[in-house]
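Heads up, the thing below is written out as structure tokens.
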Amino acid sequence: MNIFDKPYSPKEVEEKIYKKWEDSRYFNPDSASRRITGKDKKKSFSIIMPPPNANGSLHLGHALMIALEDIMIRYKRMRGFKTLWLPGADHAGFETQIVYEKKLEKEGRNRFQIPREQLWREIWDFTQANKKNMESQIRRLGASCDWSRKKFTLDEDIISKTQDAFVEFYEKGLIYRGKRLVHWCAKHQTGFSDLEIVHEEKLDPLYYIKYGPLTIATVRPETIFGDTAVAVNPKDSRYKEFIGKEIEVDVVIAKLKLKVIADKFVDSDFGTGAVKITPAHDLNDFEIWQRHKNEIKGPVEVINKYAKMDLVKHFPQSEEAKKYEGLKVLEARKLIVEDLEKRGLIEKIDAAYKHNIALCYKCKTIIEPRLMEQWFVKMEPLAKPAIEAVKKGKIKFIPDRFKKVYFHWMKNIRDWNISRQIVWGIQIPAWQCQDCDEWMIFKNKPQKCRKCGSINLEQDTDVFDTWFSSGQWPFLALGFEKTKKLKNLNTKSDYKTFYPTSVMETGWDILFFWVARMIMFGLYRTKKIPFENVYLHGLVRDEFKQKMSKSKGNVIDPLGVVNEYGADALRMSLIIGNTPGNDLAFSEDKIRGYRNFANKIWQASRFVLMNLESFNANKKPEFSAIDKKYLKEFEELKKKIAKQMESFKFYLAAEEIYHYFWHTFCDKIIEEMKARLNGENDNPPASGRQAAQFLLFEILKESLKLLHPFMPFITEEIWQNLPGNKNKMLIIEKW
RNA sequence: GCGCGAUUAGCUCAGUGGUAGAGCGUUUCAUUGACAUUGAAAAGGUCGCAGGUUCAAUCCCUGCAUCGCGCACCA
């Protein structure tokens with residue numbers, strides 16, 4: 001029975017072929033490289049798959065990532081490299097926790113009422129189920145990754161080594177605990193790093209408030225209770241006489257004695273040129289306080305973690321204070337403005353002052369800066385070598401322009417708050433004495449407090465920012481051991497063979513979150529770059545360039561597409577027309593086009609095979625001039641495509657082979673050969689037919705190889721049905 | 001505010017210092033002989049605007065405009 005008697009059915013073929021690949025174990029470099037010969041056999045090529053978040057299903061962005069990486073991997077494997085693509089899944093700390101919290105909400109439950117261990121277990125089960133589902137989805141997309149090496153970011157060894165890193169950083173002085181203003185989301189009840197907040201332009205009233213003898217302008221009058229000073233620019237002649245003096249300010253619930261200080265930060269042209277200083281609730285004011293620690297009073301916290309007023313403790317004797325207690329920030333703002341107005345203390349109000357406010361990136365709740373003790377990583381010493389490595393070209397960015405964005409961020413980097421007040425993550429190995437508050441950093445619980453000797457020690461309940469562990473993913477996933485000397489490592493160690501990895505392929509949107517941190521951590525811990533190339537893909541958008549989102553209803557499910565049109569068609573439609581760093585407009589029309597192309601490959605193969613009667617592959621026929629021209633052309637095409645593959649121009653390579661196969665091989669060569677295959681216009685008939693057969697068969701075979709990285713399933717299926725290819729597999733053929 | 005992109009055919013995008021390219025779409029024609037998931041052909045572009053460099057600019061430089069994005073502690 002000839003497989004070409006039926007139309008090509010991706011659904012049947014793809015699952016069958018994937019199973020064959022897995023059974024062959026050729027995804028594993030140890031098996032595959034034994035079968036491939038070539039001068040590059042000893043060289044390795046490795047990609048660590050960015051582990052998808054184990055909190056949902058794969059979306060088109062994942063499909064794009066899989067397609068790109070599989071193309072590189074298959075190409076290099078066929079080129080004879082020892083090729084490893086290591087798959088994994090990410091526990092995705094905060095992200096997963098909020099996905100799970102939404103689920104809890106639907107069930108009428110609340111995370112704050114669930115004991116820590118139980119919540120952890122529940123989320124664990126949740127991620128395990130997602131993980132399994134995602135792995136099968138990755139298979140459907142044709143990923144030739146080595147499943148025997150798959151890793152999860154909460155595997156025991158990963159947790160352990162992440163904690164080691166924290167201890168090591170601490171010992172080297174790169175970690176400190178500090179009471180700082182932290183970006184706090186009152187809804188999620190956790191602090192964030194600078195990257196997890198977004199800024200949004202907003203119009204708010206700007207209040208001019210009589211402030212003792214001065215007038216100040218503010219958008220947050222409710223923080224007035226926490227004011228500890230007034231600042232002016234040292235050069236501002238209007239306020240010269242006040243500098244260094246104390247003024248008395250009526251803040252409704254009390255009279256505050258505040259010192260006037262001079263600081264260059266203050267812009268004389270803004271507002272009145274005098275600024276109220278609230279170190280507990282404003283990042284700038286906090287910094288001003290730090291510069292004037294000896295002159296003025298420190299932070300007075302008047303807003304609590306629920307973003308509600310909390311001031312009676314500071315003003316116990318004030319009756320008025322009780323009125324404000326427990327009010328939400330915005331309610332308190334309204335009330336204080338009313339009260340100030342009653343006292344004639346509001347000078348004027350600019351109704352629509354345009355400014356930027358900080359929001360939680362996830363729920364868009366207004367960030368309430370809050371004074372908290374957290375663990376911070378000193379970034380500057382880590383950033384320096386990471387900037388150098390890119391500057392010197394040890395790590396290349398594709399596209400190159402992202403270097404600039406990277407440098408800009410790295411040069412202005414600030415210390416990184418890695419404490420998160422959630423349960424889903426790797427718990428920080430820090431222990432606090434309950435008697436004297438001393439902190440100790442050890443992998444395991446110390447016997448007793450080093451300061452007071454108490455045995456009453458508790459572990460920090462906070463967990464790491466998930467990027468603290470993902471930042472170390474490339475070397476941790478490859479089994480890096482800090483404790484052993486490198487030369488003592490088993491020679492078969494994956495770390496030794498595959499690190500530094502060849503390419504990190506991921507979305508540009510996580511350049512700072514992830515890529516930059518991997519470079520910093522990699523250089524610091526392993527003394528090597530974690531990868532040689534960074535390939536950054538863009539966002540997959542809908543056909544109108546709109547972001548896909550559930551609420552817009554324009555989400556395309558990659559698995560739905562695979563079921564209807566096949567993974568090969570999906571992959572082509574994600575690759576062609578998609579340049580690195582740019583977003584992609586995606587539509588079903590496009591997929592249909594490549595489904596048609598798959599059919600074209602099928603039909604062309606069918607035609608060539610149908611006409612192979614009495615063909616002797618071992619006997620090289622006499623080629624005509626035009627035959628030679630075609631063969632030469634094809635050789636040139638191969639070289640061109642190889643060059644494009646090496647320079648990461650997959651969109652060009654794919655288009656090139658697509659165009660050649662359809663419009664040169666099918667439309668021209670096959671059409672021309674038809675007459676010769678039928679023995680027409682041929683003298684003597686046999687040789688012309690032989691040459692035509694040879695030519696068609698040769699170009700078909702070689703085209704399948706060129707197409708394989710892009711469309712692995714259909715090419716493999718056809719390959720195995722070519723005469724003489726029984727039990728042979730295209731996946732390990734020499735390119 | 002600082003920075004980064006983009007601007008080329010109806011749409012989505014490539015591209016190059018020397019008569020403009022692809023895919024999709026459109027129009028016309030063809031066709032039971034691998035394939036209608038097809039073939040042949042056609043229409044369609046002052047390559048955002050203004051200067052400059054050059055023998056020659058869509059490409060290099062400068063400025064401007066429009067759109068998009070990133071970063072950012074001016075109350």
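All heavy atoms count here, side chains included; hydrogens, waters and symmetry mates do not. The chains referred to below are lettered A, B, ... by the order of the sequence lines, with proteins before strands, and numbering in each begins at 1.
An OP1 or OP2 oxygen of G23(B) is reached within less than 4.0 angstrom by a side-chain nitrogen or oxygen of His659(A). Close to A75(B), at under 4.0 Å from its OP1 or OP2, lies no side-chain N or O of Tyr207(A). The side chain of Thr579(A) contributes an N or O atom lying less than 4.0 Å from OP1 or OP2 of A14(B). Residue Lys404(A) places at least one side-chain N or O closer than 4.0 Å to OP1 or OP2 of G5(B). An OP1 or OP2 oxygen of G15(B) is reached within less than 4.0 angstrom by a side-chain nitrogen or oxygen of Tyr651(A). OP1 or OP2 of C73(B) has at least one side-chain nitrogen or oxygen of Arg414(A) nearer than 4.0 Å. Checking the phosphate oxygens (OP1, OP2) of U38(B), a side-chain nitrogen or oxygen of Asn596(A) falls inside 4.0 Å.
Taking the six-membered ring where tryptophan is involved, the planes of Tyr658(A) and His663(A) are perpendicular, since the angle between them exceeds 60° and thus also 30°.
Residue Lys674(A) places its side chain closer to A34(B) than to any other of A14(B), A34(B), C24(B). When the nucleotides A75(B), U37(B), A34(B) are ranked by their closest atom to the side chain of Gln603(A), A34(B) comes out on top. Ranking A40(B), A34(B), G70(B) by closeness to the Asp667(A) side chain, first place goes to A40(B).
Remark: Lys378(A) does not engage Asp415(A) in a salt bridge, criterion side-chain N to carboxylate O under 4.0 Å.
When the nearest nucleotides of RNA chain B are assigned to His663(A) and Leu283(A) by heavy-atom distance, the more 5′-ward of the two goes with His663(A).
Summarising the geometry, the separation between CD1 on Ile669(A) and C1' on G39(B) is reported as 17 Å, rounded to the nearest angstrom.
For Lys600(A) against C35(B), a side-chain-to-base donor-acceptor contact under 3.5 Å is present.
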* Go through the steps to decide whether Asn233(A) and Tyr239(A) satisfy the test side-chain hydrogen bond (donor to acceptor under 3.5 Å, both in side chains), and finish with yes or no. => CA-CA 8 Å; Asn233(A) 190 291; Tyr239(A) 303 115; over 6 Å; no
